[in-house]
Participant: 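Quick one: the structure is below, questions incoming.
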Amino acid sequence: MSSSVEFDVEKIRRDFPILDRVIEGKRLVYLDNAATSQKPSQVIKAITNYYEQYNANVHRGIHTLSEEATVAYEAVRETVREFIGAEETCEIIFTRNTTEAINLVAYSWGKQNVLPGDEIVLSPMEHHSNLVPWQQLAAEREAKLVYLDLTEDGQINMETAAQLIGPKTRLVAITQMSNVFGTINPVKELAHLAHKNNAIILVDGAQGIPHLKTSVADLECDFYAFSLHKMLGPTGVGILWGKKTLLEAMPPFMFGGDMISSVHRDKTKFNELPWKFEAGTPNVADVIASGVAVDYLNNVGMDNVRAHEIAITRYAIEKLSEIKDIVIYGPLDATKRGGVVSFNINGLHPHDLGQILSDNGVAIRAGHHCCQPLMKDLKVMGTARASFYIYNTLEEVDLLLAALKEAEKVMGHVACR
Amino acid sequence: MSSSVEFDVEKIRRDFPILDRVIEGKRLVYLDNAATSQKPSQVIKAITNYYEQYNANVHRGIHTLSEEATVAYEAVRETVREFIGAEETCEIIFTRNTTEAINLVAYSWGKQNVLPGDEIVLSPMEHHSNLVPWQQLAAEREAKLVYLDLTEDGQINMETAAQLIGPKTRLVAITQMSNVFGTINPVKELAHLAHKNNAIILVDGAQGIPHLKTSVADLECDFYAFSLHKMLGPTGVGILWGKKTLLEAMPPFMFGGDMISSVHRDKTKFNELPWKFEAGTPNVADVIASGVAVDYLNNVGMDNVRAHEIAITRYAIEKLSEIKDIVIYGPLDATKRGGVVSFNINGLHPHDLGQILSDNGVAIRAGHHCCQPLMKDLKVMGTARASFYIYNTLEEVDLLLAALKEAEKVMGHVACR
Amino acid sequence: MSLADDLYRETILDHYHNPRNNGSIENASATVEGVNPLCGDELTLYLKLTPTGLIEDVKLTAHGCSINTASGSMMSEAILGQSVERAQEIIEDFKTMMLTKEDETVFEDELEELEALRGVKKYPVRIKCALLPWNTLLEGIETARQAQAK
Amino acid sequence: MSLADDLYRETILDHYHNPRNNGSIENASATVEGVNPLCGDELTLYLKLTPTGLIEDVKLTAHGCSINTASGSMMSEAILGQSVERAQEIIEDFKTMMLTKEDETVFEDELEELEALRGVKKYPVRIKCALLPWNTLLEGIETARQAQAK
Ligand SMILES: Cc1ncc(COP(=O)(O)O)c(C=O)c1O
Ligand SMILES: Cc1ncc(COP(=O)(O)O)c(C=O)c1O
C-alpha cells in the first residue's frame with residue numbers, strides 16, 4: 001500500500017485547482033486543513049464522471065447504470081477496509097461524517113450496553129462530536145462521564161489513566177489525534193486498559209487517519225470513526241468501522257429502504273451487515289469519489305504524508321516561537337504530534353487575527369475548534385490554529401508569519417488588558 | 001416562481017450529459033426517475049465550482065473561503081423555503097435523504113409524543129422509509145400501527161379513513177404520491193382529519209415535490225420530508241421541514257459540532273433552529289448544488305413539469321394497455337397520478353423484463369420498490385415500473401414498448417404457471 | 001449473440017418454463033424458506049433425507065425470475081439421489097463458479113447444464129437470484145441434519 | 001484603503017483598546033450573559049434602571065474580539081442615560097443597519113460613531129460579533145423590567 005514514488009509537493013499542488021485561487025489580490029494560503037481538506041481534481045472528476053456517465057440508485061436496480069453504480073459504490077468498502085487495516089469489508093459502514101458515526105454507536109451500542117452507574121471515560125481534548133453524544137447517553141442512562149487528566153503540554157497522563165479506567169468503565173472514547181494540540185494519543189495502551197476492564201474503546205479518527213498511517217488492528221480498538229472530507233474526499237461521507245461481532249449484536253440505527261431484509265405490516269427482518277446500518281438512498285456519488293481520495297493518498301504514500309507534515313510542523317513551531325508574547329499549545333516535538341498548531345498571541349484576539357490573516361490570503365481557523373471544555377481548561381476563549389496537509393509548503397509558513405506581523409501592526413499590538 | 005418560459009424538452013435534454021450515454025449500442029432511455037433523477041450540467045458544475053473555488057468548512061470559519069461557503073450553504077435554505085411554501089427559513093433542516101428526515105421525527109418527536117395505546121395511522125402504500133421507523137417506534141412505545149384502506153385502483157378510501165383516524169391517533173404518516181401506483185393522495189383532507197383529532201400529519205414528499213407544485217402551507221401538514229436526488233439534485237441531501245413550534249419543542253437528534261450553543265464537561269446548551277438538528281460537518285457541496293437544482297426546476301416551472309408528465313403518462317398508459325396480459329396498477333386517469341407506471345405482464349417476471357429492457361438500453365425498475373407490504377396486498381412479488389421526468393419524450397415511451405415486445409419474444413411469453 | 005440470448009439461453013428458459021421437481025413434500029425432513037432481500041423473491045424448499053444421508057427427495061415452490069427458477073430446477077436435478085456430502089460439494093462448486101471472477105470450475109458430464117448459469121455473472125445483481133436456491137438448500141441440509149440428530 | 005484598515009478603522013481600535021463602561025455593577029437591576037455560539041465569545045452585561053425607566057448605569061465585562069468589544073463599548077455610550085424606550089429604538093436602528101443589505105440607517109450626531117461598525121457587514125460571520133452586546137442588552141432590559149414589575 002505504501003508507495004515508492006517520491007514526494008513532490010509542487011506536483012501534488014498541481015492536482016488541487018483551488019490552490020490557484022486569488023483572495024484580495026493574494027494567492028490563497030490554505031492552512032485550515034484540520035477543518036476540511038481541499039480536493040484533488042481526480043476526486044472532483046470522479047463526481048462529474050459519475051453524474052455524467054452512470055448516476056443511478058444502487059442495490060435494487062437491475063439496469064446497467066444501477067449495476068455500475070452499485071459495483072462502484074460497494075468497491076469503496078474494500079478500498080477503505082484495506083486502508084484502515086480492517087479484517088472484513090462488511091465492517092465498513094458509510095455515514096455522513098464522523099459525528100454521525102459516533103452517534104450511531106451511542107444510540108445503537110450505547111442504549112444496549114450502558115447501564116446506570118457505568119462509566120464512560122473521555123479525554124478533555126475531545127471534539128464536541130466525541131463528547132456530547134456520550135454526555136447525553138450518560139444523562140439518559142444515569143451513567144457517569146469520567147475525564148482523563150492531561151499533562152502541561154496537552155498529553156494524556158497515562159499514570160492516572162490506569163486508575164481512572166476501572167471495572168466500572170464500559171467505554172473509553174478517545175481521539176487518535178487532537179484537533180487543537182495535535183497530540184497523538186497512545187490509543188493502543190488505552191485499548192489495553194479498556195480491555196483489561198472488559199470495556200471497549202472507540203477511537204475518533206477524524207484527525208488521525210488523514211495524517212497517520214493507521215491500522216485498526218494495530219490500534220486494537222473496537223470502533224473507529226472518521227470523515228472523508230478531511231482526507232481529500234468530498235463532504236458528506238463518513239465511515240464507521242466496528243468489530244463484526246459488535247456490529248452484528250447491535251440493533252439498527254435508522255430505519256427505511258435498503259436496511260431491511262423483508263417488511264411486513266407489523267414486523268421487519270433487518271438486512272445483514274453492512275447494509276443494516278445504511279437506510280435510504282446513500283450518498284452514492286460522494287462515496288465513489290471517496291474511494292478515489294483514498295487511492296490518491298495510497299499513491300502519495302502515508303509515510304510520505306507523515307514525513308512531510310513533520311517537516312512543515314517543525315518549521316512552523318520554530319518560526320512561531322520567535323514571536324513575542326506567543327503561546328503555542330500542545331507538545332513542541334513535531335514527531336509527537338500532527339500538523340495542527342494552535343496558538344495565541346497575547347493581546348490579539350484569535351478572531352481578529354483570523355480576519356486580518358484572511359485579508360492577506362491566509363486561511364486559518366480561530367475559535368474554540370469545537371472543544372469548549374478544553375478551552376475552559378486552558379482559560380482562553382479560543383485559539384488561532386494553522387493546520388497543514390500534503391500540499392502545504394515551507395514558503396506558506398513564511399507567508400503565515402508575514403501575515404501575523406501585519407496583524408500585529410494593524411491591531412496596534414498591545415498587551416492584553 | 002412559476003415561469004413563463006415555454007417548455008422545450010429537446011432544450012432540456014441538452015442540459016443532461018448522461019442522456020448521451022450509449023448502452024449495448026443503444027442510446028440510454030432512462031425511465032427510473034422515481035428511484036433517482038438525472039442531473040443537469042448546471043448542478044454538476046455547481047459541485048465542481050465549489051471544490052475548485054471555495055471549498056471550506058462552514059459556520060465557524062472566519063476566512064474568505066469559509067465565509068463564501070457558509071453564505072452559499074445557508075442561502076439554499078431560503079431557496080428551499082420558497083420552493084415548498086414554508087414560512088420560515090429556520091424550519092428547513094438538511095439531512096442525508098428522506099429516510100433520515102423521517103427517522104429524525106420518529107426519534108425526536110416520536111419519543112416525546114407517542115405513548116402506550118396511541119395510534120399511528122399509515123397507508124398501505126407507504127415506502128419502507130415511511131413505515132419501518134413508525135413500526136419500530138410503535139413497538140418500542142407499545143403504540144399501535146393502523147393502516148388505511150385502499151380502493152381497487154390504489155387510492156385511499158376516505159370514507160373508512162374518517163373512522164380509522166380517531167381520538168387515539170397521534171400521527172398520520174402519508175406519502176404525497178405513491179412510488180408504485182403514482183396515486184396523488186388527498187393530503188389536505190387527511191390533515192383535516194388528523195388535526196380534528198389533535199394529531200399531527202407527516203407527509204413523505206419524496207415522490208411529490210419533484211413532480212407537483214407543492215406548498216406545505218396549502219397541504220396544511222406539520223412535517224414534510226423529501227430527497228434532492230429525486231429532483232435533479234445530487235445524492236446525499238434530504239430536507240426535513242417542520243412547523244417551528246414543533247421543531248422548537250423537540251430534543252436534538254444527533255449530537256456534536258455545530259448543533260451546540262455551549263458545551264461544558266457535564267452539560268450542553270443546544271443551538272437554535274435549524275442548526276440544533278445538524279450535527280457535524282454538513283454535506284456542503286451537495287447542499288449548494290441542491291439549491292441550483294431547485295433553481296433549475298423554478299426556471300422550467302413546476303406547472304410545465306406537471307403538464308409534461310401528464311402528457312407522457314397518459315401516452316404511456318394508453319400504449320401499455322394495448323399489451324396482452326398486462327396489469328397496470330393505480331388510477332388510470334393521468335391527472336389523478338404522477339408519472340410512475342407500475343405494471344406486470346402475466347408470465348414475465350419483472351426481473352427478467354428489467355434485464356432484457358436494460359439490454360435494449362431502457363432503464364426501468366423491477367422489484368418491490370421498497371413497498372413489500374403493498375406487494376403482498378397486490379399478491380405479487382414485485383412489479384416493473386417505468387417513471388418519467390422532464391427530459392423524457394413520447395418517443396422514449398415507444399422505445400419502451402418496443403423493448404417490451406423484444407422481452408416477450410426472448411422469454412417466449414407464456415401464461416403464468 | 002446478444003446479451004439477452006446469452007442470459008436466457010435455451011437451457012435456462014427450458015427450466016424456467018418447465019421447472020423440475022416443482023411442488024412440495026408432505027413429510028419433509030426439512031422445509032426452509034429463502035428470500036432475496038433485494039427483490040423480495042421467495043422460495044420454499046422441501047428436503048427428504050434417508051437415514052443414511054441420501055437425498056431421497058427434493059421439491060421447490062418458487063415465484064421467482066427465470067434465473068432463480070431455472071437455477072433451483074437444475075439444482076434439484078443435480079442433487080437428487082446424491083449423498084449429502086456430494087450435494088455439499090456440488091453447492092461449493094456452484095458457488096465458486098458464480099462468485100469467482102475468472103473461475104475454472106468444470107462440472108462433470110451429468111452436471112454440465114449448470115454451466116449455463118455462468119452467463120449470469122455478467123449481471124452482478126442477478127448472481128443473488130441464481131444463488132438463492134443453493135443457499136436455501138445449504139440451510140435445508142443443516143436443518144434436516146439437526147432434526148435427524150435429535 | 002485595505003479591508004483591514006476598513007474593518008479596524010481607528011474608532012473601533014480606540015474602543016477596543018479602551019473600552020468604555022468596562023466593569024460590573026454591584027446592585028444591578030439585571031445581569032445577563034451573552035455568548036456567541038460560533039466562537040464561544042462571552043460577555044456579561046450589567047444594567048441599572050431608575051424607577052422611571054431611565055438607564056442609570058450600564059457596564060460590560062467582555063473577553064471578545066475587537067468588533068465585539070468595540071460594539072459593546074459604543075453601545076454603552078449610546079444608551080447611557082437614555083430612556084428604555086429610546087434605547088430600544090437605538091437597538092432597532094443598529095440591528096437594521098447590520099442586518100439589512102443596503103441599509104439606509106442614519107444615526108444622529110451623537111450616535112454617529114456607530115456607523116464605524118457598518119464595515120463589518122462585509123464579513124458576514126462577524127456580524128454576530130457586533131450584535132452580541134445589543135442582543136444581550138435587549139435581554140437585560142427585559143429582565144430588568146420583569147424584576148421591576150414584581
Ligand atoms: C415515496 C418514497 N418515500 C421515501 C423514499 C426514500 O427516499 P430516500 O431513499 O432518498 O431516503 C422514496 C424513494 O426511494 C420514495 O419513493
Ligand atoms: C477530532 C475531531 N473529531 C470529530 C470531528 C467531527 O468531524 P465531522 O464534522 O466531519 O463529523 C472533527 C472535525 O471537525 C475533529 O477534528
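Residue numbers begin at 1 in each chain, while the letters A, B, ... track the order of the sequences.
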Participant: Is it the case that atom CD in Gln148(D) sees more than 12 heavy atoms from other parts of the structure closer than 6.0 Å?
Facilitator: yes
Participant: Write down the atom of Lys128(D), the atom of Glu272(B), and the distance for their closest heavy-atom approach.
Facilitator: NZ-OE2, 4.1 Å
Participant: Any heavy-atom pair between the side chains of Val35(D) and Ser261(B) that's under 4.5 Å?
Facilitator: yes
Participant: Is it the case that more than 12 heavy atoms not belonging to Lys45(B) sit under 6.0 Å from its NZ atom?
Facilitator: no
Participant: Which residues pass the ring pair (Phe, Tyr, Trp, His ring centres under 6.0 Å) test with Tyr54(B), sequence neighbours left out?
Facilitator: Tyr50(B)
Participant: Can you list every side-chain hydrogen bond (donor to acceptor under 3.5 Å, both in side chains) pair that touches residues 277-296 of chain B, not counting sequence neighbours?
Facilitator: His229(A)-Thr281(B), Thr235(A)-Asn283(B), Asp15(B)-Tyr296(B), Asn57(B)-Thr281(B), Tyr73(B)-Glu278(B), Arg77(B)-Glu278(B), Asn283(B)-Asp286(B)
Participant: Work out which heavy atom in Val125(D) is nearest to a heavy atom in His59(B); give both atom names and the distance.
Facilitator: CG1-O, 4.2 Å
